[in-house]
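Worksheet: one structure, shown below.
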Amino acid sequence: MRITELEDHLKPILQDSIEIVSEKTKKIIRKGTLILYSIKEFYITLIIRTAKGETKQYHMPFPFDFELSKNSLKFDYELHHVYQTKKALEDIVGDLGESKSPFYDNIVNIRRL
């Protein structure tokens, strides 16, 4: 099951300093120490302690795909996973327009520091 596989990838980075980075814009979305995570239905909640010592919750949609590399976990939110080879569905998704969400048609990296 995909949730179990994702949990297996998240467990090793618990209590580590991380940064969540948008691959499209190269901007850091969040940075801190990963304290805890939970996965419920379609969302992943990360509890992060910031450099100021504050505890923040960060909610992320469950990715279409994910991949673990040496020091990062990539969450793939690219739209081609939604429509794959169906041209009509691709047109519908294209007609929806752009979103300001950092996850929209993007890859988000959770990197160990």
Mind checking whether H9 and F66 have parallel, tilted or perpendicular rings, split at 30° and 60°?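 Answer is perpendicular, since the angle exceeds 60°.
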
Looking at [atom1] of [X] and [atom2] of [Y], how far apart are the two atoms once the value is rounded to the nearest 0.5 Å?
| X | Y | atom1 | atom2 | result |
| --- | --- | --- | --- | --- |
| L10 | S38 | CG | OG | 10.5 Å |
| R111 | D16 | CZ | CG | 15.0 Å |
| R112 | S17 | CZ | OG | 10.5 Å |
| K40 | H59 | NZ | NE2 | 10.0 Å |
| I44 | I3 | CD1 | CD1 | 9.0 Å |
| E54 | R49 | CD | CZ | 11.5 Å |

Min side-chain heavy-atom separation [X]-[Y] under 4.5 Å:
| X | Y | value |
| --- | --- | --- |
| L79 | Y104 | yes |
| L46 | I110 | yes |
| V108 | I29 | yes |
| F75 | I107 | no |
| K31 | I48 | no |
| F42 | P61 | no |

Regarding N109 and E23, is there a side-chain donor-to-acceptor distance under 3.5 Å anywhere?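 Yes, because at least one side-chain N or O of N109 sits under 3.5 Å from a partner of the opposite role on E23.
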
Minimum heavy-atom separation for [X] to [Y], with atom names?
| X | Y | result |
| --- | --- | --- |
| P63 | Y77 | CA-CE2, 3.5 Å |
| F64 | R2 | O-NH2, 4.3 Å |
| I28 | E19 | CD1-OE1, 3.3 Å |
| E78 | D105 | CA-OD1, 3.4 Å |

Apply side-chain contact (heavy atoms from CB on, under 4.5 Å) to residues M60 and F103 and explain how you reach the verdict. CA-CA 8 Å; M60 303 172 69; F103 307 108; 3.8 Å; yes

Tell me whether L68 shares a hydrophobic cluster with V21, the cluster being built from Ile, Leu, Val, Met, Phe, Trp, Tyr side chains joined at under 4.5 Å.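 No; tracing contacts between hydrophobic side chains, which count when under 4.5 Å, never links both residues.
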
Can you spot which of I47, L6, L14, T45 makes a side chain to side chain contact (heavy atoms under 4.5 Å, CB included) with Y37?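 Going through the options one by one, the only one that passes is L14.
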
